[in-house]
Amino acid sequence: MITRLRAVAILGAALFLGAVLGGCQRDGRETIISAVGSYGEIAVMTTDPELVTALEPVLERLSPKETFVIREEDTYRFHHFTDKRWRDGRNYRNLFFVCRWGAGGPVQKAVEKLLPRDALVRLTSGRGGVVALHDPYFRNQLAIVAVARNPNDLIRSLNDQSPALRDTLFRDINRRIVHDNSRQGLMPDIAQNAWNAYAFRIELPSVFKENQARPDGFPGVEWLRTDGATRGVTVSWEEVSEPSGLLQDREWLADMRARLGTA
């Protein structure tokens with residue numbers, strides 16, 4: 001079901017996320033229609049290869065385990081790029097620049113081009129900080145840029161701000177997903193049809209279609225995307241006396257999912 005979340009929040013005094021929204025000068029020949037890849041993938045660009053190891057605790061905090069159906073999975077997948085390879089990551093939907101100012105190199109030059117002068121002076125004159133940029137290179141793209149002269153200050157700042165950063169990522173990704181779905185439009189009449197047929201309500205983008213319903217009599221329905229992506233939404237139901245307890249019972253959920261898969 002589509003959840004309409006409010007826009008990205010300012011993270012607090014230590015961060016001025018949202019203070020710089022667009023406004024970056026770039027060559028029009030370098031722009032394309034939209035960033036590519038999954039919303040669950042984040043490209044991490046670092047000025048120093050040794051920062052990759054130092055960032056591990058930060059990235060773990062940014063990507064908590066979430067229970068999806070019956071097993072825990074990481075919220076995000078991180079892809080690391082350093083030196084000249086940073087350009088391989090710039091077309092991701094989510095970018096994370098970690099810059100030790102003074103290191104030089106392509107990543108620092110990229111950060112210098114991304115940030116307005118006043119933001120860059122503020123970040124490099126003290127103990128550093130973090131800025132969020134919307135659409136830095138492509139449409140529907142978010143970049144989180146962390147800058148400090150001292151590597152210890154850089155990692156300390158990111159550790160301190162990881163809960164706020166996690167919240168910003170979550171809310172902005174959901175905002176962009178809802179925007180994409182609204183632009184595509186919704187399946188016509190699906191909410192009312194699902195209620196009439198199955199007694200629950202659901203909204204899905206128009207790129208979905210119903211693939212099968214009540215297979216072999218099993219109480220379940222599946223919708224698949226029609227745009228080439230091998231993704232779908234499956235809903236199953238069962239009448240029970242204590243649903244809240246069973247929703248915490250992974251063995252019961254796994255058995256229900258297995259029976260639906262068999263059907």
Side-chain angles (χ1 to χ4, degrees), residues 1-6 34-43 59-79 92-94 140 142 166-263:
M1 188 171 292
I2 293 177
T3 304
R4 301 189 180 279
L5 297 174
R6 58 190 176 87
S34 181
V36 299
S38 165
Y39 278 113
E41 294 181 305
I42 300 176
L59 300 184
E60 287 179 5
R61 293 185 180 92
L62 291 181
S63 184
K65 298 285 186 181
E66 298 285 352
T67 300
F68 179 71
V69 186
I70 57 174
R71 70 176 184 181
E72 286 189 339
E73 298 180 7
D74 293 323
T75 306
Y76 306 113
R77 293 182 299 277
F78 298 98
H79 305 272
Y92 278 64
R93 293 182 186 270
N94 306 296
N140 290 338
L142 173 72
R166 186 171 62 239
D167 183 67
T168 292
L169 277 169
F170 173 80
R171 293 184 181 279
D172 198 77
I173 288 172
N174 275 274
R175 177 189 63 81
R176 285 178 282 161
I177 289 173
V178 170
H179 176 267
D180 288 350
N181 291 342
S182 299
R183 183 166 47 85
Q184 293 172 346
L186 300 176
M187 286 182 64
D189 304 321
I190 183 175
Q192 190 61 47
N193 292 344
W195 177 257
N196 293 340
Y198 314 119
F200 62 80
R201 296 188 183 278
I202 190 169
E203 291 181 334
L204 292 171
S206 58
V207 294
F208 282 82
K209 71 172 183 178
E210 186 175 297
N211 184 54
Q212 58 180 347
R214 301 182 187 272
D216 210 19
F218 191 88
V221 59
E222 176 187 63
W223 293 271
L224 293 180
R225 296 181 67 100
T226 60
D227 58 355
T230 55
R231 295 176 184 149
V233 174
T234 303
V235 179
S236 182
W237 57 91
E238 185 171 323
E239 185 174 351
V240 295
S241 58
E242 293 292 337
S244 59
L246 287 174
L247 289 174
Q248 305 300 320
D249 188 337
R250 292 194 179 185
E251 290 188 6
W252 184 82
L253 291 172
D255 178 68
M256 187 178 187
R257 183 67 181 86
R259 286 185 282 122
L260 173 60
T262 301

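All residue numbers in this chain count up from 1 along the given sequence.
No more than 12 heavy atoms of other residues, nucleotides or ligands sit less than 6.0 Å from atom CG of Asp216. In the displayed structure, Gln192 atom CD is contacted under 6.0 Å by more than 12 heavy atoms of other residues, nucleotides or ligands.
Across Ser244 and Gln248, no two heavy atoms sit closer than the pair O-CG, 3.7 Å. Here the closest non-hydrogen pair linking Pro205 and Met187 is O-CG, 3.2 Å. The minimum heavy-atom distance linking Met256 with Ser236 is given by the pair CE-OG, 3.3 Å. Between Arg259 and Glu238, the shortest heavy-atom distance links the atoms NH2-OE1, 3.3 Å.
Taken to the nearest 0.5 Å, the CG atom of Leu204 stands 8.5 Å off from the CG atom of Leu186. The distance from atom CD of Glu210 to atom CG of Asn193, rounded to the nearest 0.5 Å, is 9.0 Å. Annotation: the span from Ile177 atom CD1 to Arg93 atom CZ amounts to 8.5 Å, rounded to 0.5 Å. For the atom pair OG1 (Thr168) and CG (Leu62), the distance works out to 10.0 Å, reported to the nearest 0.5 Å. Taken to the nearest 0.5 Å, the CG atom of Leu142 stands 10.5 Å off from the OH atom of Tyr39. Rounding to the nearest 0.5 angstrom, the gap separating the CG atom in Leu247 from the CH2 atom in Trp252 is 7.0 Å.
Taking the six-membered ring wherever Trp is involved, the centroid distance between the rings of Tyr198 and Trp237 falls below 6.0 Å.
The closest donor-acceptor contact from the side chain of Thr75 to the backbone of Pro64 lies under 3.5 Å.
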Derivation of the side chain to side chain contact (heavy atoms under 4.5 Å, CB included) call for Ser63 and Arg166 = CA-CA 7 Å; Ser63 184; Arg166 186 171 62 239; over 6 Å; no

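Between Arg183 and Asn140, the closest side-chain pair of non-hydrogen atoms falls below 4.5 Å. In this structure, Leu59 and Ile42 have side chains that are not in contact, with every pair of non-hydrogen atoms separated by 4.5 Å or more. Contact annotation: the side chain of Phe208 approaches that of Val233 to within less than 4.5 Å [non-hydrogen atoms, C-beta and beyond]. For the pair Trp195/Ile202, no side-chain contact is recorded, criterion being any heavy-atom separation below 4.5 Å from C-beta on. Considering only heavy atoms from C-beta on, His179 stays 4.5 Å or farther from Ser182 through its side chain.
Note on ring orientation: taking the six-membered ring where Trp is involved, the planes of Phe200 and Trp223 are perpendicular (angle over 60°, cut-offs 30° and 60°). Using cut-offs of 30° and 60° on the angle between ring planes, the pair Phe78 and Tyr76 is perpendicular.
The pair Asp172-Arg176 meets the salt-bridge criterion, with a side-chain N (NZ, NE, NH1 or NH2) lying under 4.0 Å from an Asp/Glu carboxylate O. The pair Lys65-Glu60 fails the salt-bridge criterion, with no side-chain N (NZ, NE, NH1 or NH2) lying under 4.0 Å from an Asp/Glu carboxylate O.
Here the rule is side-chain contact (heavy atoms from CB on, under 4.5 Å) with Leu260, and of Val235, Asp255, Thr234, Val221 only Thr234 fits it.
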